[in-house]
*Asks:* 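Dropping the structure in here first, questions after.
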Amino acid sequence: MAERKPVHVTEAELEEQRQYALEVRSLPQRPETYFIVTYGCQMNAHDSELLAGMLRDMGMSEAPDRENADFVLFNTCCVRDNAERRALGNVTWLKEVRKKNPRLMIGVCGCMIQQPGMAETILKQYRFIDLAFGTANLYRLPELMYRALNTDRAVVEVEERDVIAEELPVQRLRNDAAYITIMYGCDNFCSYCIVPYVRGRERSREPEAILEEAKRLRDSGVKEIMLLGQNVNSYGKSLETPVTFAELLRRLDALDIPRIRFMTSHPKDLSDELIAVMAESKHILPQFHLPVQHGNNEILQRMNRRYTRERYLERVEKLREAIPGIGLTTDIIVGFPGETEKQFQDTLSLVREVGYDSAFTFIYSPRKGTKAADMPDQISEDVATDRIKRLIAAQEEGQRKAQSRFLGQEEEVLVEGLSRRSDTAVSGHGRHGISITLPGSEADIGKIVRVRITGMKNNTLTGERID
């Protein structure tokens with residue numbers, strides 16, 4: 001794919017969208033309420049916060065559920081086939097809901113719509129959809145909504161641009177924690193991954209814009225920020241004056257925001273500078289999501305991951321030497337085309353050797369347009385299912401051993417909400433990224449509470465308060 005230069009949305013273009021928002025607000029036929037259904041990663045979750053901010057500026061309020069909304073917007077993911085099928089299944093289900101609520105508007109946006117040919121599919125097979133747009137059109141939601149409300153035909157737009165839009169309105173999910181997108185797109189082109197084709201080429205936001213956003217969040221009372229990017233480790237390479245991710249972290253650490261997290265990282269770009277900055281920092285949490293994807297070098301090469309098993313393990317060792325007790329998590333794929341049982345055993349042995357605190361495990365999902373989709377020797381569903389069951393068993397065993405290191409230790413928890421199992425307990429994540437349940441009430445939500453870890457249950461730790 002030829003390199004595309006990023007397009008910065010101008011202030012004039014943003015002002016035009018603000019005017020469209022005011023126009024929508026004045027329309028008698030506009031929806032009163034909205035509900036956004038989000039699929040996929042944290043970047044999609046943050047995109048939904050931006051979409052909600054724009055809908056709020058158009059005079060709409062959030063409905064308690066999609067059955068009671070006048071406008072339902074599906075923010076989709078296409079990284080895995082089951083996410084795409086689930087989204088389209090739910091969209092079709094809303095066709096029946098519309099019979100009870102003729103005013104209901106249905107919209108679909110995000111990565112799935114950005115795929116080649118999907119816009120045409122929407123127009124032909126899902127004619128009940130009112131509005132569809134891709135990832136590059138997100139900032140134009142007010143204009144697209146205005147057009148949809150003033151026509152009897154579906155409004156479908158997909159642009160082939162790599163956009164950076166600053167200063168969009170946002171309706172954040174939480175008051176105590178917030179996402180900050182520091183970069184968009186990806187240049188890695190892993191052979192199984194659709195992301196570079198639907199999110200565009202890699203482009204970084206200017207560090208000054210990121211720092212200003214972080215300052216505003218700090219001053220509003222936010223206690224934790226999560227920096228987002230498809231590969232945050234390569235942040236800054238696309239800037240006219242390159243800035244390393246480590247340098248950006250160093251500058252953010254100086255702002256005295258209590259907790260700083262980030263994801264996702266690519267092992268090939270994990271530098272010694274970044275590890276050193278993490279080890280020296282006051283506010284960067286001691287946790288690292290480092291997707292390995294596979295434990296066999298031949299499969300890693302065919303995945304176009306550009307590191308070896310040995311290099312990955314060396315980076316893990318370096319992290320643990322510099323930051324003792326660091327929380328490590330990962331992503332793993334089984335059933336990649338041509339994967340033999342012996343190669344799969346290499347993944348099992350790596351999982352046992354590293355001892356992850358948690359892992360996201362997936363069966364390989366062919367994505368049209370990627371190199372892996374056309375590779376020979378696709379693995380059967382039965383074989384892949386058997387392998388992922390064994391992988392999950394090995395990971396759960398290693399996870400129990402890894403998390404046992406916290407027993408008797410003190411930890412700080414940012415309380416996120418009430419426990420689902422008890423009305424006298426709350427839960428949140430500790431500094432190492434692990435979910436922790438402790439005694440508490442609704443009044444604790446948003447506070448950082450100190451606990452002593454007393455037990456383990458499934459994927460969480462339990463603690464007693466010592467504050």
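Remember, predicted model here, so these are calculated numbers, not experimental data. Only heavy atoms go into these numbers, but all of them, side chains included; no hydrogens, no water, no symmetry mates.
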*Asks:* Please tell me if the side chains of I113 and F133 come closer than 4.5 Å, counting only heavy atoms from C-beta onward.
*Replies:*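 A side-chain contact is absent here, since even the closest heavy-atom pair is not under 4.5 Å.
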*Asks:* Rounded to the nearest 0.5 Å, how far apart are OG1 of T330 and CG of D357?
*Replies:* 11.5 Å
*Asks:* When you measure from the side chain of Q29 to the backbone N and O of R103, does any donor-acceptor pair fall under 3.5 Å?
*Replies:* no
*Asks:* Any pair with a residue in residues 375-384 that passes side-chain hydrogen bond (donor to acceptor under 3.5 Å, both in side chains), sequence neighbours left out, goes on the list, sorted by first then second residue, please.
*Replies:* none
*Asks:* Please determine whether a side-chain nitrogen of the Lys or Arg among E339 and R387 lies less than 4.0 Å from a carboxylate oxygen of the Asp or Glu.
*Replies:*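 Salt bridge: yes.
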*Asks:* Quick one: does any side-chain atom of S419 pair with a main-chain N or O of T424 as donor and acceptor, under 3.5 Å?
*Replies:* no
*Asks:* Do the non-hydrogen side-chain atoms of D130 and V155 ever get within less than 4.5 Å of each other?
*Replies:* no
*Asks:* Between the side chain of H432 and the main-chain N/O of I434, is any donor-acceptor distance below 3.5 Å?
*Replies:*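 Judged by distance alone, no pair lies under 3.5 Å.
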*Asks:* Shortest non-hydrogen contact from T329 to Y356?
*Replies:*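 Between these two residues, the closest heavy atoms are C-CD2, 4.1 Å.
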*Asks:* Can we say E213 and R205 salt-bridge, meaning some charged N sits less than 4.0 Å from an Asp/Glu carboxylate O?
*Replies:* yes
*Asks:* Could you check if a side-chain atom of F128 sits within less than 4.5 angstrom of a side-chain atom of R98, using non-hydrogen atoms only?
*Replies:* yes
*Asks:* Closest approach of F360 and H289, non-hydrogen atoms and distance?
*Replies:*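 The pair with the smallest heavy-atom distance is CD1-CE1, 3.7 Å.
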*Asks:* If only atom types and distance count, is the side chain of R18 paired as donor or acceptor with the main-chain N or O of P142 below 3.5 Å?
*Replies:* no
*Asks:* Report the C-alpha distance between I257 and L217 in whole Å, list the side-chain angles of each, state the deciding distance to 0.1 Å, and finish with yes or no for side-chain contact (heavy atoms from CB on, under 4.5 Å).
*Replies:* CA-CA 9 Å; I257 298 167; L217 290 170; 5.9 Å; no
*Asks:* Taking only Lys NZ, Arg NE, NH1 and NH2, and the carboxylate oxygens of Asp or Glu, determine whether K215 and D219 approach each other closer than 4.0 Å.
*Replies:* no
*Asks:* Under a 4.0 Å N-O cut-off, is there an ion pair linking R261 with E224?
*Replies:* yes
*Asks:* Determine yes or no for a side-chain-to-main-chain donor-acceptor pair under 3.5 angstrom, with T151 supplying the side chain and R153 the backbone.
*Replies:* yes
*Asks:* Return yes if some donor-acceptor pair links the side-chain N/O of T370 with the main-chain N/O of P366 below 3.5 Å, else return no.
*Replies:*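 Side chain of T370 to backbone of P366: no pair is present.
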*Asks:* What pair of heavy atoms forms the shortest contact from G110 to T76, and how long is it?
*Replies:* C-OG1, 3.9 Å
*Asks:* Starting at CE of M456, measure out to CG of L461 and round the result to the nearest 0.5 Å.
*Replies:*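 Those atoms lie 7.5 Å apart.
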*Asks:* Run through Q17, E13, E23 and flag the one making a side chain to side chain contact (heavy atoms under 4.5 Å, CB included) with E143.
*Replies:* Q17
*Asks:* Please test I164 against Y184 for side-chain contact (heavy atoms from CB on, under 4.5 Å), starting from the C-alpha separation and ending with a verdict.
*Replies:* CA-CA 8 Å; I164 297 178; Y184 305 88; 4.2 Å; yes
*Asks:* Any carboxylate oxygen within less than 4.0 angstrom of a Lys/Arg side-chain nitrogen, looking at K368 and D374?
*Replies:* no
*Asks:* Name the orientation class of the two ring planes belonging to Y20 and Y146 (parallel below 30°, tilted from 30 to 60°, perpendicular beyond 60°).
*Replies:*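 Tilted: the ring planes of Y20 and Y146 meet at 30° to 60°.
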*Asks:* Quick one: pull up CD1 in I388 and CD in Q395 and give me the separation to the nearest 0.5 Å.
*Replies:*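 The distance works out to 11.5 Å.
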*Asks:* Within this structure, what is the CD-CD distance for the pair E11 and E15, rounded to the nearest 0.5 Å?
*Replies:*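 Nearest 0.5 Å value for the CD-CD distance: 6.5 Å.
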*Asks:* Under a 3.5 Å cutoff, is there a donor and acceptor pairing between the side chains of Y39 and N90?
*Replies:*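 Short answer, yes.
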*Asks:* Please give me the minimum heavy-atom distance between P207 and R251, naming the atom from each residue.
*Replies:* CB-NH1, 3.9 Å
*Asks:* Would N304 and N188 count as having a side-chain donor-acceptor pair, cut-off 3.5 Å?
*Replies:* no
*Asks:* In terms of side-chain heavy atoms, does Q287 have a donor or acceptor partner in H429 at a distance below 3.5 Å?
*Replies:* no
*Asks:* Please identify which of these residues, K447, R259, R450, K223, meets the salt bridge (Lys or Arg N to Asp or Glu O under 4.0 Å) condition with E412.
*Replies:* R450
*Asks:* Is there a donor-acceptor pair under 3.5 Å between the side chain of D187 and the backbone N or O of R201?
*Replies:* no
*Asks:* Go through the steps for Y197 and F189 under the test ring-ring contact (aromatic ring centres under 6.0 Å, His included), then give the verdict.
*Replies:* CA-CA 9 Å; Y197 304 96; F189 290 92; 5.5 Å; yes
*Asks:* Do you know the tightest heavy-atom contact between A372 and Y192?
*Replies:*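 Where A372 meets Y192 most closely, the heavy atoms are CB-CA, 3.9 Å.
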*Asks:* Does the gap between the ring centers of F288 and F262 come in under 6.0 Å?
*Replies:* yes
*Asks:* Side chains of T38 and N44: donor-acceptor distance under 3.5 Å anywhere?
*Replies:* no
*Asks:* Walk me through whether T264 and N231 qualify under side-chain contact (heavy atoms from CB on, under 4.5 Å).
*Replies:* CA-CA 5 Å; T264 294; N231 176 21; over 6 Å; no
*Asks:* Looking at side-chain heavy atoms only, is the closest gap between I332 and Q293 below 4.5 Å?
*Replies:* no
*Asks:* How many angstroms lie between atom CD of Q114 and atom CD1 of I194, to the nearest 0.5 angstrom?
*Replies:* 10.5 Å
*Asks:* Starting at CE of M54, measure out to CE of M145 and round the result to the nearest 0.5 Å.
*Replies:* 10.5 Å
*Asks:* Ignoring hydrogens and angles, tell me if any N or O in the side chain of N75 forms a donor-acceptor pair with the backbone of V108 under 3.5 Å.
*Replies:* no
*Asks:* Give a yes or no on whether a salt bridge exists between D269 and K237, defined as a side-chain N under 4.0 angstrom from a carboxylate O.
*Replies:*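 Yes, this pair counts.
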*Asks:* So, for R305 and P267, which heavy atoms are closest and what is the spacing to 0.1 Å?
*Replies:*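 Looking at all heavy atoms of both residues, the closest pair is NH2-CD, 3.7 Å.
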*Asks:* Do P169 and R56 come within less than 4.5 Å of each other through their side chains, counting heavy atoms only?
*Replies:*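 Sidechains of R56 and P169: in contact.
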*Asks:* List the residues meeting side chain to side chain donor-acceptor pair (under 3.5 Å) with H283, not counting sequence neighbours, and say none if there are none.
*Replies:* D256
*Asks:* Is it true that, when you exclude R390 itself, more than 12 heavy atoms of the residues, nucleotides or ligands shown sit nearer than 6.0 Å to its CZ?
*Replies:*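 More than 12 heavy atoms, drawn from other residues, nucleotides or ligands, come within 6.0 Å of this atom.
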*Asks:* We want to know whether Q399 and N459 form a side-chain donor-acceptor pair, criterion being a heavy-atom distance below 3.5 angstrom.
*Replies:*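 Note: Q399 and N459 side chains meet the donor-acceptor criterion.
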*Asks:* List the steps, then state whether side-chain contact (heavy atoms from CB on, under 4.5 Å) holds for T385 with K389.
*Replies:* CA-CA 6 Å; T385 300; K389 287 179 179 177; 3.8 Å; yes
*Asks:* I'd like to know if the side chain of R218 and the backbone of P258 have a donor-acceptor N/O pair within less than 3.5 Å.
*Replies:*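 No; zero donor-acceptor contacts below 3.5 Å.
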*Asks:* Checking E202 against S234: is there a side-chain donor and acceptor pair closer than 3.5 Å?
*Replies:* yes
*Asks:* Using a 4.5 Å cut-off on heavy atoms from C-beta on, say whether the side chain of S441 contacts that of V426.
*Replies:*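 A side-chain contact under 4.5 Å is absent here.
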*Asks:* Do N101 and D70 come close enough that some side-chain heavy atom pair is under 4.5 Å?
*Replies:* yes
*Asks:* Hey, are the side chains of T33 and N68 touching, using non-hydrogen atoms and a 4.5 Å cut-off?
*Replies:*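 Heavy-atom side-chain distance check fails, nothing below 4.5 Å.
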*Asks:* Walk me through whether R140 and E16 qualify under salt bridge (charged side-chain N to carboxylate O under 4.0 Å, His left out).
*Replies:* CA-CA 9 Å; R140 292 179 56 210; E16 182 181 30; over 6 Å; no
*Asks:* Would a distance-only check, ignoring hydrogens and angles, find a side-chain to backbone donor-acceptor pair under 3.5 Å from T462 to G455?
*Replies:* yes
